[in-house]
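Quick notes on the structure that follows.
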Amino acid sequence: MSNLYLSGALVISLDLELYWGMRDVIPLDRYQQHLEGVRLAIPEILNLFNKYNIHATWATLGFLYCQDSKQLQQNLPQQLPNYQQAELSPYQYLNQLQPIDNQLHFCPEIIEFIKLCPGQEIGTHTFSHYYCLEPGQTQAEFKADLDKAINTAEKFNVETKSLVFPRNQYNQAYLETIKDCGITCYRGNETSSIYNSEAGDGDRPYKRILRLIDAYLNLSGQNCSTWEQVGSNYPFNIPSSRFLRPYSAKLKIIDNLRLRRINSGLEYAANHGQIYHLWWHPHNFGVNLQENLRFLTQILEKYQQLNTHKQMQSLNMGEVAALCRKACQPVALVSN
(Lines give C-alpha, C1' and ligand atoms only; values in the text may rest on other atoms or scores of the structure.)
Protein backbone atom coordinates (compact mmCIF):
# COMPACT_ATOMS: atom_id res chain seq x y z
CA MET A 1 0.00 0.00 0.00
CA SER A 2 1.34 3.43 -0.94
CA ASN A 3 2.75 5.59 1.88
CA LEU A 4 0.51 8.37 0.56
CA TYR A 5 -2.35 6.84 2.57
CA LEU A 6 -0.51 5.96 5.76
CA SER A 7 -1.26 9.06 7.84
CA GLY A 8 -3.50 8.53 10.83
CA ALA A 9 -7.23 8.85 10.34
CA LEU A 10 -10.24 9.53 12.51
CA VAL A 11 -13.32 7.73 11.22
CA ILE A 12 -16.71 8.52 12.74
CA SER A 13 -19.89 6.54 12.13
CA LEU A 14 -23.33 7.14 13.62
CA ASP A 15 -26.12 4.56 13.69
CA LEU A 16 -29.32 6.41 12.76
CA GLU A 17 -32.23 4.16 13.69
CA LEU A 18 -34.74 6.00 15.92
CA TYR A 19 -37.02 3.67 17.91
CA TRP A 20 -36.58 0.75 15.51
CA GLY A 21 -33.17 0.12 17.06
CA MET A 22 -34.50 0.13 20.63
CA ARG A 23 -37.94 -1.38 20.05
CA ASP A 24 -37.05 -4.85 21.37
CA VAL A 25 -34.95 -3.48 24.24
CA ILE A 26 -36.97 -0.83 26.08
CA PRO A 27 -40.62 0.35 26.09
CA LEU A 28 -41.24 3.47 24.04
CA ASP A 29 -42.46 5.57 26.96
CA ARG A 30 -39.18 4.96 28.78
CA TYR A 31 -37.06 6.09 25.83
CA GLN A 32 -39.23 8.73 24.24
CA GLN A 33 -37.21 11.69 25.50
CA HIS A 34 -34.03 10.33 23.89
CA LEU A 35 -35.83 9.90 20.57
CA GLU A 36 -37.48 13.31 20.67
CA GLY A 37 -34.03 14.82 21.24
CA VAL A 38 -32.64 13.36 18.01
CA ARG A 39 -34.04 16.21 15.92
CA LEU A 40 -32.24 18.69 18.15
CA ALA A 41 -29.03 16.68 18.42
CA ILE A 42 -28.33 16.03 14.74
CA PRO A 43 -28.07 19.71 13.62
CA GLU A 44 -25.83 20.43 16.60
CA ILE A 45 -23.58 17.47 15.81
CA LEU A 46 -23.39 18.56 12.18
CA ASN A 47 -22.51 22.10 13.24
CA LEU A 48 -19.55 20.70 15.17
CA PHE A 49 -18.57 18.50 12.24
CA ASN A 50 -18.61 21.54 9.97
CA LYS A 51 -16.59 23.62 12.44
CA TYR A 52 -13.84 21.00 12.73
CA ASN A 53 -14.10 19.73 9.13
CA ILE A 54 -15.19 16.25 10.22
CA HIS A 55 -16.30 13.67 7.68
CA ALA A 56 -18.66 10.98 8.99
CA THR A 57 -20.81 8.06 7.91
CA TRP A 58 -24.46 7.99 8.94
CA ALA A 59 -25.50 4.33 8.87
CA THR A 60 -29.20 4.88 8.22
CA LEU A 61 -32.00 2.39 8.67
CA GLY A 62 -34.03 1.91 5.49
CA PHE A 63 -37.32 2.29 7.38
CA LEU A 64 -36.44 5.91 8.13
CA TYR A 65 -36.75 6.99 4.49
CA CYS A 66 -40.52 6.43 4.68
CA GLN A 67 -42.96 9.18 5.58
CA ASP A 68 -45.15 6.93 7.72
CA SER A 69 -46.12 3.32 8.45
CA LYS A 70 -48.51 3.18 5.50
CA GLN A 71 -45.74 4.00 3.04
CA LEU A 72 -43.47 1.48 4.75
CA GLN A 73 -46.06 -1.29 4.50
CA GLN A 74 -46.32 -0.61 0.77
CA ASN A 75 -42.56 -1.09 0.31
CA LEU A 76 -41.60 -4.26 2.13
CA PRO A 77 -38.80 -6.66 1.08
CA GLN A 78 -39.71 -9.76 -0.89
CA GLN A 79 -38.71 -11.90 2.10
CA LEU A 80 -39.05 -11.00 5.79
CA PRO A 81 -36.82 -12.37 8.56
CA ASN A 82 -38.14 -15.49 10.27
CA TYR A 83 -36.48 -15.14 13.65
CA GLN A 84 -37.17 -17.96 16.08
CA GLN A 85 -37.93 -15.22 18.58
CA ALA A 86 -40.81 -13.66 16.69
CA GLU A 87 -40.75 -10.51 18.81
CA LEU A 88 -37.41 -9.57 17.25
CA SER A 89 -39.14 -8.83 13.96
CA PRO A 90 -40.15 -5.17 13.57
CA TYR A 91 -42.92 -6.25 11.21
CA GLN A 92 -44.96 -7.56 14.14
CA TYR A 93 -44.65 -4.13 15.76
CA LEU A 94 -45.50 -2.45 12.45
CA ASN A 95 -48.79 -4.36 12.28
CA GLN A 96 -49.93 -3.47 15.77
CA LEU A 97 -53.33 -1.82 16.17
CA GLN A 98 -52.24 1.46 17.79
CA PRO A 99 -50.90 4.23 15.52
CA ILE A 100 -47.15 4.76 15.24
CA ASP A 101 -45.71 8.17 16.10
CA ASN A 102 -44.04 9.26 12.87
CA GLN A 103 -41.59 11.60 14.62
CA LEU A 104 -40.12 8.71 16.60
CA HIS A 105 -39.97 6.23 13.72
CA PHE A 106 -39.38 8.07 10.42
CA CYS A 107 -37.22 10.98 9.31
CA PRO A 108 -36.77 11.41 5.54
CA GLU A 109 -36.28 15.14 6.03
CA ILE A 110 -33.34 14.53 8.38
CA ILE A 111 -31.70 12.24 5.83
CA GLU A 112 -32.04 14.98 3.20
CA PHE A 113 -30.54 17.49 5.64
CA ILE A 114 -27.51 15.28 6.35
CA LYS A 115 -26.98 14.72 2.61
CA LEU A 116 -26.49 18.45 2.08
CA CYS A 117 -23.67 18.71 4.63
CA PRO A 118 -20.11 18.45 3.29
CA GLY A 119 -18.16 15.29 4.06
CA GLN A 120 -21.20 13.34 5.26
CA GLU A 121 -21.87 9.89 3.82
CA ILE A 122 -25.24 8.13 4.06
CA GLY A 123 -24.53 4.45 4.66
CA THR A 124 -26.93 1.66 5.56
CA HIS A 125 -27.93 0.04 8.82
CA THR A 126 -29.98 -2.50 6.79
CA PHE A 127 -33.63 -1.92 5.97
CA SER A 128 -35.31 -3.30 9.09
CA HIS A 129 -32.53 -3.37 11.72
CA TYR A 130 -31.79 -6.90 10.56
CA TYR A 131 -30.10 -9.24 13.05
CA CYS A 132 -27.58 -11.37 11.18
CA LEU A 133 -26.83 -13.86 13.96
CA GLU A 134 -30.31 -14.61 15.27
CA PRO A 135 -31.59 -18.20 14.85
CA GLY A 136 -34.21 -18.63 12.15
CA GLN A 137 -33.13 -15.89 9.73
CA THR A 138 -31.38 -16.84 6.51
CA GLN A 139 -28.87 -15.36 4.12
CA ALA A 140 -31.57 -15.04 1.45
CA GLU A 141 -33.74 -13.03 3.85
CA PHE A 142 -30.77 -10.82 4.68
CA LYS A 143 -30.11 -10.18 0.99
CA ALA A 144 -33.77 -9.27 0.40
CA ASP A 145 -33.56 -6.83 3.31
CA LEU A 146 -30.31 -5.27 2.10
CA ASP A 147 -31.56 -5.04 -1.50
CA LYS A 148 -34.60 -3.13 -0.26
CA ALA A 149 -32.42 -0.81 1.85
CA ILE A 150 -30.21 0.00 -1.14
CA ASN A 151 -33.14 0.49 -3.52
CA THR A 152 -34.92 2.75 -1.04
CA ALA A 153 -31.80 4.89 -0.65
CA GLU A 154 -31.43 5.12 -4.44
CA LYS A 155 -34.79 6.90 -4.60
CA PHE A 156 -33.16 9.60 -2.46
CA ASN A 157 -30.14 9.70 -4.81
CA VAL A 158 -28.03 7.95 -2.19
CA GLU A 159 -25.44 5.45 -3.39
CA THR A 160 -24.92 2.92 -0.60
CA LYS A 161 -21.32 1.83 -0.11
CA SER A 162 -20.96 1.43 3.68
CA LEU A 163 -22.73 -0.91 6.11
CA VAL A 164 -23.05 -1.13 9.86
CA PHE A 165 -24.47 -4.41 11.15
CA PRO A 166 -27.36 -3.78 13.60
CA ARG A 167 -26.54 -4.63 17.20
CA ASN A 168 -23.01 -5.16 15.84
CA GLN A 169 -24.01 -8.70 14.85
CA TYR A 170 -21.18 -9.12 12.39
CA ASN A 171 -21.67 -12.30 10.38
CA GLN A 172 -18.62 -13.51 8.46
CA ALA A 173 -20.80 -15.74 6.28
CA TYR A 174 -22.70 -12.72 4.93
CA LEU A 175 -19.71 -10.82 3.57
CA GLU A 176 -20.16 -12.29 0.09
CA THR A 177 -23.77 -11.06 0.16
CA ILE A 178 -22.83 -7.48 0.99
CA LYS A 179 -20.16 -7.60 -1.69
CA ASP A 180 -22.75 -8.78 -4.24
CA CYS A 181 -24.96 -5.85 -3.20
CA GLY A 182 -22.22 -3.34 -3.98
CA ILE A 183 -21.17 -2.63 -0.39
CA THR A 184 -17.45 -1.79 -0.27
CA CYS A 185 -16.92 -1.58 3.51
CA TYR A 186 -18.47 -2.35 6.88
CA ARG A 187 -17.80 -1.61 10.52
CA GLY A 188 -16.46 -4.69 12.25
CA ASN A 189 -16.04 -5.14 15.99
CA GLU A 190 -13.04 -4.63 18.24
CA THR A 191 -10.76 -7.67 18.43
CA SER A 192 -11.10 -8.14 22.19
CA SER A 193 -13.38 -11.01 23.24
CA ILE A 194 -15.52 -8.64 25.31
CA TYR A 195 -16.75 -7.18 21.99
CA ASN A 196 -17.43 -10.47 20.19
CA SER A 197 -20.64 -10.68 18.15
CA GLU A 198 -23.38 -12.82 19.65
CA ALA A 199 -27.00 -13.64 19.06
CA GLY A 200 -29.39 -11.99 21.47
CA ASP A 201 -28.37 -8.56 22.68
CA GLY A 202 -24.78 -9.77 23.05
CA ASP A 203 -24.71 -7.91 26.31
CA ARG A 204 -24.14 -10.45 29.05
CA PRO A 205 -23.73 -8.86 32.49
CA TYR A 206 -20.00 -9.57 32.75
CA LYS A 207 -19.44 -8.10 29.28
CA ARG A 208 -21.41 -4.97 30.16
CA ILE A 209 -19.23 -4.49 33.21
CA LEU A 210 -16.00 -5.05 31.31
CA ARG A 211 -17.06 -2.74 28.49
CA LEU A 212 -17.98 -0.06 30.99
CA ILE A 213 -14.59 -0.33 32.67
CA ASP A 214 -12.89 -0.36 29.26
CA ALA A 215 -14.52 2.98 28.44
CA TYR A 216 -12.56 4.54 31.29
CA LEU A 217 -9.50 2.31 31.76
CA ASN A 218 -7.47 0.49 29.12
CA LEU A 219 -8.56 -3.15 29.25
CA SER A 220 -8.65 -3.97 25.53
CA GLY A 221 -5.90 -1.82 24.05
CA GLN A 222 -6.30 1.16 21.73
CA ASN A 223 -8.23 -0.83 19.11
CA CYS A 224 -6.69 1.07 16.23
CA SER A 225 -6.37 -0.55 12.79
CA THR A 226 -3.52 -0.39 10.32
CA TRP A 227 -4.21 0.50 6.72
CA GLU A 228 -2.77 -2.87 5.74
CA GLN A 229 -5.27 -4.67 7.98
CA VAL A 230 -8.20 -2.74 6.57
CA GLY A 231 -7.03 -3.14 2.99
CA SER A 232 -6.24 -6.85 3.23
CA ASN A 233 -9.75 -8.17 2.46
CA TYR A 234 -12.75 -7.03 0.49
CA PRO A 235 -15.28 -5.72 1.41
CA PHE A 236 -13.06 -3.68 3.70
CA ASN A 237 -13.51 -4.12 7.44
CA ILE A 238 -13.08 -0.77 9.23
CA PRO A 239 -13.35 -2.01 12.83
CA SER A 240 -14.73 -0.04 15.71
CA SER A 241 -12.19 1.47 18.08
CA ARG A 242 -14.54 2.97 20.65
CA PHE A 243 -18.23 3.50 21.33
CA LEU A 244 -18.77 7.07 22.51
CA ARG A 245 -20.75 6.44 25.66
CA PRO A 246 -23.24 9.20 26.46
CA TYR A 247 -22.91 11.52 29.41
CA SER A 248 -23.85 10.05 32.78
CA ALA A 249 -24.48 12.26 35.79
CA LYS A 250 -23.52 9.36 38.05
CA LEU A 251 -20.15 8.98 36.38
CA LYS A 252 -19.35 12.60 35.56
CA ILE A 253 -16.71 12.70 38.28
CA ILE A 254 -14.55 10.35 36.16
CA ASP A 255 -15.37 11.86 32.77
CA ASN A 256 -11.75 12.94 32.49
CA LEU A 257 -10.83 9.24 32.31
CA ARG A 258 -13.38 8.64 29.56
CA LEU A 259 -11.94 11.55 27.59
CA ARG A 260 -8.36 10.43 28.18
CA ARG A 261 -9.25 6.92 26.99
CA ILE A 262 -10.51 8.24 23.64
CA ASN A 263 -7.88 10.91 23.15
CA SER A 264 -5.05 8.49 23.90
CA GLY A 265 -6.41 6.23 21.15
CA LEU A 266 -6.54 9.16 18.75
CA GLU A 267 -2.97 10.10 19.57
CA TYR A 268 -1.80 6.50 19.13
CA ALA A 269 -3.45 6.35 15.70
CA ALA A 270 -1.89 9.66 14.66
CA ASN A 271 1.58 8.65 15.85
CA HIS A 272 1.48 5.25 14.15
CA GLY A 273 -0.37 6.11 10.94
CA GLN A 274 -3.40 4.04 11.92
CA ILE A 275 -7.20 4.35 11.89
CA TYR A 276 -9.29 5.23 14.93
CA HIS A 277 -13.01 4.52 14.49
CA LEU A 278 -15.41 6.23 16.90
CA TRP A 279 -19.16 5.57 16.79
CA TRP A 280 -22.43 6.26 18.56
CA HIS A 281 -26.16 6.74 17.95
CA PRO A 282 -27.75 10.19 17.58
CA HIS A 283 -30.27 9.17 20.24
CA ASN A 284 -27.36 8.83 22.70
CA PHE A 285 -27.25 12.64 22.54
CA GLY A 286 -31.05 12.93 22.82
CA VAL A 287 -30.83 13.83 26.50
CA ASN A 288 -28.07 15.81 28.22
CA LEU A 289 -27.39 17.32 24.82
CA GLN A 290 -25.14 20.15 25.96
CA GLU A 291 -23.02 17.86 28.14
CA ASN A 292 -22.59 15.42 25.26
CA LEU A 293 -21.74 18.21 22.81
CA ARG A 294 -19.13 19.62 25.19
CA PHE A 295 -17.52 16.20 25.47
CA LEU A 296 -17.55 15.70 21.70
CA THR A 297 -16.03 19.15 21.25
CA GLN A 298 -13.08 18.16 23.43
CA ILE A 299 -12.51 15.09 21.26
CA LEU A 300 -12.66 17.14 18.08
CA GLU A 301 -10.28 19.73 19.53
CA LYS A 302 -7.83 16.90 20.15
CA TYR A 303 -8.32 15.75 16.57
CA GLN A 304 -7.69 19.30 15.32
CA GLN A 305 -4.36 19.39 17.17
CA LEU A 306 -3.38 16.04 15.65
CA ASN A 307 -4.49 17.22 12.22
CA THR A 308 -2.25 20.28 12.53
CA HIS A 309 0.81 18.59 14.02
CA LYS A 310 0.54 14.98 12.80
CA GLN A 311 -1.41 15.38 9.52
CA MET A 312 -4.21 13.20 10.88
CA GLN A 313 -7.17 12.99 8.47
CA SER A 314 -10.91 12.91 9.05
CA LEU A 315 -12.48 10.34 6.73
CA ASN A 316 -15.89 8.73 6.44
CA MET A 317 -16.09 4.98 5.86
CA GLY A 318 -16.65 5.32 2.14
CA GLU A 319 -13.56 7.51 1.80
CA VAL A 320 -11.44 4.95 3.64
CA ALA A 321 -12.72 2.25 1.28
CA ALA A 322 -11.98 4.40 -1.76
CA LEU A 323 -8.39 4.97 -0.61
CA CYS A 324 -7.95 1.25 0.05
CA ARG A 325 -9.28 0.35 -3.39
CA LYS A 326 -6.89 2.83 -4.97
CA ALA A 327 -3.87 1.74 -2.96
CA CYS A 328 -4.33 -2.05 -2.88
CA GLN A 329 -3.27 -4.38 -5.64
CA PRO A 330 -6.27 -5.98 -7.40
CA VAL A 331 -5.28 -9.39 -6.00
CA ALA A 332 -6.11 -8.10 -2.52
CA LEU A 333 -9.72 -7.33 -3.46
CA VAL A 334 -11.07 -10.76 -2.55
CA SER A 335 -13.53 -11.85 0.08
CA ASN A 336 -12.45 -13.20 3.45
Side-chain angles (χ1 to χ4, degrees), residues 1 5-15 54-57 59 123 162-172 175 185-198 202-204 206-233 235-246 251 254-281 284 295-296 298-300 302-303 305-307 310 312-317 319-321 323-324 336:
M1 185 173 289
Y5 306 118
L6 293 181
S7 62
L10 167 62
V11 176
I12 289 179
S13 58
L14 300 97
D15 301 0
I54 298 297
H55 294 199
T57 294
S162 303
L163 167 74
V164 170
F165 289 98
R167 206 71 35 94
N168 294 313
Q169 288 194 11
Y170 159 69
N171 191 328
Q172 172 86 18
L175 295 186
C185 61
Y186 62 95
R187 188 182 74 209
N189 300 333
E190 297 90 330
T191 56
S192 170
S193 61
I194 66 175
Y195 295 101
N196 284 352
S197 300
E198 295 182 29
D203 231 8
R204 298 178 184 180
Y206 80 93
K207 284 192 172 184
R208 285 201 300 269
I209 293 169
L210 291 174
R211 290 176 184 179
L212 176 62
I213 295 172
D214 193 38
Y216 294 86
L217 301 173
N218 189 344
L219 296 184
S220 67
Q222 299 295 4
N223 294 306
C224 300
S225 303
T226 69
W227 285 94
E228 288 79 6
Q229 288 169 337
V230 172
S232 62
N233 293 287
F236 303 113
N237 177 11
I238 309 170
S240 165
S241 302
R242 180 70 39 209
F243 169 60
L244 177 56
R245 299 182 69 89
L251 296 174
I254 56 171
D255 250 4
N256 62 316
L257 295 179
R258 183 166 66 106
L259 181 64
R260 185 187 305 171
R261 182 78 171 101
I262 294 172
N263 283 352
S264 65
L266 277 174
E267 190 157 4
Y268 183 91
N271 288 336
H272 294 83
Q274 296 186 10
I275 298 169
Y276 189 86
H277 192 164
L278 185 69
W279 72 277
W280 70 96
H281 310 86
N284 296 137
F295 192 85
L296 177 59
Q298 293 177 87
I299 295 171
L300 300 185
K302 178 66 174 181
Y303 159 74
Q305 295 170 12
L306 295 171
N307 171 259
K310 304 282 186 178
M312 194 176 206
Q313 309 171 74
S314 171
L315 300 170
N316 60 47
M317 290 174 61
E319 290 169 338
V320 170
L323 288 173
C324 287
N336 284 347

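Just so you know, residue 1 is the first one in the sequence shown, and it goes up from there.
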For Arg245 and Leu212, what are the C-alpha separation, side-chain angles and deciding distance, and is it a side-chain contact (heavy atoms from CB on, under 4.5 Å)?
CA-CA 9 Å; Arg245 299 182 69 89; Leu212 176 62; 3.5 Å; yes
Stepwise side-chain contact (heavy atoms from CB on, under 4.5 Å) test for Leu217 and Arg261:
CA-CA 7 Å; Leu217 301 173; Arg261 182 78 171 101; 6.0 Å; no
Passes side-chain contact (heavy atoms from CB on, under 4.5 Å), Arg187 versus Asp15? Steps please.
CA-CA 11 Å; Arg187 188 182 74 209; Asp15 301 0; 3.0 Å; yes
Report the C-alpha distance between Val320 and Phe236 in whole Å, list the side-chain angles of each, state the deciding distance to 0.1 Å, and finish with yes or no for side-chain contact (heavy atoms from CB on, under 4.5 Å).
CA-CA 9 Å; Val320 170; Phe236 303 113; over 6 Å; no
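Considering SG of Cys324 and CG of Asn237, their distance stands at 10.5 Å, rounded to 0.5 Å. The structure places CG of Asn271 at 11.0 Å from OG of Ser264, a figure rounded to the nearest 0.5 Å. One finds the CG atom of Leu257 at 12.5 Å from the CD1 atom of Ile213 (value rounded to the nearest 0.5 Å). Atoms NZ and CG, from Lys302 and Asn263 in turn, are 6.0 Å apart once rounded to the nearest 0.5 Å. Considering OG1 of Thr57 and CG of Leu315, their distance stands at 9.5 Å, rounded to 0.5 Å. Rounding to the nearest 0.5 Å gives a distance of 11.5 Å between CD1 of Ile209 and CD1 of Ile194.
No side-chain heavy atom of Tyr303 sits under 4.5 Å from any side-chain heavy atom of Leu278. In this structure, Gln313 and His55 have side chains that are not in contact, with every pair of non-hydrogen atoms separated by 4.5 Å or more. Side-chain contact between His277 and Ser13: present, with at least one pair of heavy atoms (C-beta onward) separated by less than 4.5 Å.
Taking the salt bridge (charged side-chain N to carboxylate O under 4.0 Å, His left out) definition, one finds that Glu190 meets it with nothing, sequence neighbours left out. Checked against ring pair (Phe, Tyr, Trp, His ring centres under 6.0 Å), Tyr216 has no partners two or more places apart in sequence or in another chain. Scanning for ring pair (Phe, Tyr, Trp, His ring centres under 6.0 Å) contacts around Trp279 gives Phe243, His281, with sequence neighbours left out.
A side-chain donor-acceptor contact under 3.5 Å links Glu319 to the backbone of Asn316. Between the side chain of Asn284 and the backbone N or O of Leu244, no donor-acceptor pair lies under 3.5 Å.
Annotation: Tyr268 is not in aromatic contact with Tyr276 [ring centroid separation under 6.0 Å not met].
Side-chain atoms of Asn223 and Tyr195 include no donor-acceptor pair closer than 3.5 Å.
Among all heavy-atom pairs drawn from Asn189 and Asn168, the shortest one is ND2-O, 3.1 Å. Residues Pro235 and Cys185 approach most closely at CB-N, 4.1 Å, considering heavy atoms. Residue Ser241 comes nearest to Ile275 through the heavy atom pair OG-O, 3.9 Å, listed as atom of the first residue, atom of the second, then distance. Closest approach of Leu210 and Leu219 over heavy atoms only: O-CD1, 3.5 Å. Gln222 and Asn218 get closest at one heavy-atom pair: NE2-ND2, 4.0 Å. The two residues Gln274 and Thr226 make their nearest non-hydrogen contact at NE2-CG2, 3.6 Å.
Checked options Arg242, Lys207, Arg258, Arg208; the residue passing with Asp214 is Arg242 (criterion: salt bridge (charged side-chain N to carboxylate O under 4.0 Å, His left out)).
By the 4.0 Å N-to-carboxylate-O rule, Lys310 lies too far from Glu267 to be salt-bridged with it.
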